[in-house]
Colleague: 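My questions all concern the structure below.
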2 protein chains.
Amino acid sequence: MSSKPRYQQIKSFILDGIKQQTYRPGSKIPTETELAQQFEVSRMTVNKAIRDLVQDNLLVRYPGLGTFVSDTKAESPLADIKNIADEVRQRGHQYSNRLVSLKETAASETVAMQMGVPMGTPVYRSVIVHQENGLPIQLENRYVIASAVPGYLEQDFAEHTPNEYLVKMCPISSIEHIVEAVLPSDKAQELLDIDANTPCIQVNRRTWSDGRLISFATLTHPGTRYKLRSITKVGSI
Amino acid sequence: MSSKPRYQQIKSFILDGIKQQTYRPGSKIPTETELAQQFEVSRMTVNKAIRDLVQDNLLVRYPGLGTFVSDTKAESPLADIKNIADEVRQRGHQYSNRLVSLKETAASETVAMQMGVPMGTPVYRSVIVHQENGLPIQLENRYVIASAVPGYLEQDFAEHTPNEYLVKMCPISSIEHIVEAVLPSDKAQELLDIDANTPCIQVNRRTWSDGRLISFATLTHPGTRYKLRSITKVGSI
DNA sequence: TAGCTATATATGTATATACATTTAACGACG
DNA sequence: CGTCGTTAAATGTATATACATATATAGCTA
């Protein structure tokens with residue numbers, strides 16, 4: 001019956017303010033002292049809440065000035081993969097996809113391990129083939145923690161990808177990509193219309209929202225049809 | 001003349017311990033209380049130092065158990081592949097390499113195109129096999145604009161990688177990575193000791209210093225022995 | 001023997017307080 | 001009119017302390 005920690009409540013308050021546009025990008029949020037008075041907590045508790053949000057890139061702080069809502073969306077290496085639909089359209093090509101499977105299931109042992117949840121936890125699983133000008137370029141096999149994204153099964157993925165729905169529902173705070181080279185499984189060969197000897201890039205992606213892991217996906221691209229590109233600005237060395 | 005904050009000194013102490021392998025991946029570091037006594041600071045100060053390192057994915061904490069050095073693969077936002085030597089050593093393994101070729105040459109047509117210089121421009125070319133515990137894990141084929149990095153040929157690459165020398169010589173301002181999946185060339189098969197059907201990740205990397213392109217490299221990893229990992233904080237809402 | 005119960009240990013949260021550092025703004029002075 | 005110094009405001013660092021929570025272990029009990 002323990003309620004959430006006080007600093008979590010303050011985080012939620014600020015997060016809501018950002019979502020509701022009460023605090024707009026670039027604008028100043030109340031000072032630590034003000035929030036401490038408002039919530040009747042010590043300044044250090046407010047400090048912890050704000051520190052967390054700074055870590056998530058939602059706020060920036062300037063000593064002597066105040067705390068402000070970030071206006072820059074951190075440019076992400078591998079950001080391109082994030083929105084394959086946009087990427088395809090940006091090339092002036094036609095994007096389409098084919099929903100192979102979409103259902104609620106219980107986490108298997110391997111899935112449970114990847115997602116750090118108990119075996120049998122309810123998850124949504126979707127299998128989608130993304131196509132560029134009708135040619136399959138990516139096989140997406142995704143698991144989502146059911147409790148985190150209600151309404152996932154009712155989505156129409158013809159127009160919007162599952163990922164687009166995800167980022168709309170919960171603010172993604174962190175993404176992990178593990179990239180490897182593999183040969184395609186039988187199922188992948190069939191769905192991507194390639195033969196057994198076509199090397200593929202496989203991206204294993206996990207996303208977190210506010211510290212909680214909410215999705216795990218494997219994205220398989222035929223090496224002959226797809227490349228990942230990332231440009232990184234380096235501060236100083 | 002202000003010295004560094006106390007918590008920074010404690011961070012450095014722990015970081016050094018990790019680098020020197022005093023604290024190995026998976027092992028337990030001293031408790032907050034112990035560190036507080038050792039440094040004669042309050043527990044909260046130690047807490048701050050450790051929190052920072054947890055945020056950087058260098059440590060993981062378990063309530064009731066202790067604080068441990070992460071054993072996950074070097075968190076390389078692709079940019080950090082640059083230091084494969086460190087990455088290997090951080091895993092507690094032995095790094096070595098084999099210099100296959102190192103000489104000055106004139107840019108061929110394809111190289112010239114990749115680097116955006118006239119054909120025949122003097123470049124240094126090096127071919128190196130990087131090894132983890134004696135097993136080849138990366139084939140590096142690198143071209144460097146000769147005028148940008150004098151002394152490149154005289155380097156001893158046994159201890160330091162070409163990349164380490166590069167970043168020491170010129171401050172890298174930008175890095176481009178293009179990742180693809182390929183099957184290895186005959187030469188790559190031989191040097192990496194793999195067969196023709198082993199899928200490989202090939203990273204094509206170009207680096208700029210102060211707006212000028214200074215190097216182009218292709219890094220080939222057997223998919224069975226190497227994965228790229230990247231974690232990205234996202235600021236979206 | 002299986003299971004329950006302290007108990008010790010280590011991290012997690014929270015408070016009240018103090019002083020340091022950074023920045024903007026105001027005002028006095030030349 | 002511009003410059004310098006003071007002050008106020010805000011975040012940054014640090015301490016001492018208290019209690020909460022999570023985990024493993026040892027010992028007791030049925």
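On a predicted model such as this, the values are computed, not experimentally measured, just so you know. Order of the sequence lines sets the chain letters (A, B, ...), proteins ahead of strands, with each chain counted from 1. Side chains included, hydrogens not; waters and symmetry mates left out as well; all remaining heavy atoms used.
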Colleague: Are A:Thr45 and C:dT15 close enough that a side-chain N or O sits under 4.0 Å from OP1 or OP2?
Modeller: yes
Colleague: Check whether the side chains of A:Arg51 and A:Asn47 place a donor and an acceptor atom closer than 3.5 Å, and report yes or no.
Modeller: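 Yes, side-chain donor-acceptor contact under 3.5 Å.
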Colleague: Give a yes/no answer on whether the side chain of A:Thr67 brings an N or O atom under 4.0 Å of OP1 or OP2 in D:dA10.
Modeller: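 The answer is no; no side-chain N or O of A:Thr67 sits under 4.0 Å from OP1 or OP2.
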Colleague: Verify the ring-centre separation between B:Phe68 and B:Tyr23: is it less than 6.0 angstrom?
Modeller: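 Judged by ring-centre distance (under 6.0 Å), B:Tyr23 and B:Phe68 do not meet the cut-off.
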Colleague: Write down the distance between OH (B:Tyr62) and P (C:dT11), rounded to a whole number of angstrom.
Modeller: 13 Å
Colleague: Would you find a donor on one side and an acceptor on the other, under 3.5 Å apart, between the side chain of A:Ser12 and the backbone of A:Gln8?
Modeller: yes
Colleague: Write down the distance between CG (A:Leu59) and C1' (D:dT11), rounded to a whole number of angstrom.
Modeller: 13 Å
Colleague: Regarding A:Arg61 and A:Thr67, is there a side-chain donor-to-acceptor distance under 3.5 Å anywhere?
Modeller: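 Yes - a donor-acceptor pair under 3.5 Å links their side chains.
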Colleague: Between C1' on C:dT15 and CD1 on A:Ile10, what's the gap in Å once rounded to a whole number?
Modeller: 13 Å
Colleague: Kindly say whether A:Val144 contributes a backbone atom to a donor-acceptor pair with the side chain of A:Ser215 at under 3.5 angstrom?
Modeller: no
Colleague: Between P on C:dT15 and CZ on A:Phe39, what's the gap in Å once rounded to a whole number?
Modeller: 12 Å
Colleague: Between C:dA14 atom P and A:Asp52 atom CG, what is the distance in whole Å?
Modeller: 11 Å
Colleague: What is the distance, rounded to the nearest whole Å, between atom OH of A:Tyr7 and atom C1' of C:dT15?
Modeller: 16 Å
Colleague: Please report, rounded to the nearest Å, how far the P atom of C:dT17 is from the CD atom of A:Glu32.
Modeller: 17 Å
Colleague: Between N or O atoms, less than 3.5 Å apart, protein on one side and nucleotides 6-9 of chain C on the other: list the pairs.
Modeller:
none

Colleague: Side chain of A:Pro5 only, please: which of D:dT13, C:dT13, C:dT11 is the nearest?
Modeller: C:dT13
Colleague: Does A:Lys48 have a side-chain nitrogen or oxygen under 4.0 Å from the phosphate oxygens OP1 or OP2 of C:dA14?
Modeller: no
Colleague: Sub-3.5 Å donor-acceptor pair from the side chain of B:Arg6 to the main-chain atoms of B:Phe39, do we have one?
Modeller: yes
Colleague: Starting the side chain at C-beta, find the nucleotide from D:dT17, C:dA10, D:dA14 nearest to B:Met44.
Modeller: D:dT17
Colleague: Using only heavy-atom distances, decide whether a donor-acceptor pair under 3.5 angstrom links the side-chain of A:Arg43 to the base of D:dG12.
Modeller: yes
Colleague: Round to a whole Å and report the spacing from CG of B:Asn47 to C1' of D:dT13.
Modeller: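 Atom CG in B:Asn47 sits about 13 Å away from atom C1' in D:dT13.
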Colleague: Using every non-hydrogen atom in the two residues, find where A:Thr220 and A:Gln202 come nearest and quote the distance to one decimal.
Modeller: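 It is OG1-OE1, 3.8 Å.
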Colleague: For a quick test of reading the model: is some side-chain N or O of B:Arg61 closer than 4.0 Å to OP1 or OP2 of C:dT11?
Modeller: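 Indeed, a polar side-chain atom of B:Arg61 lies that close.
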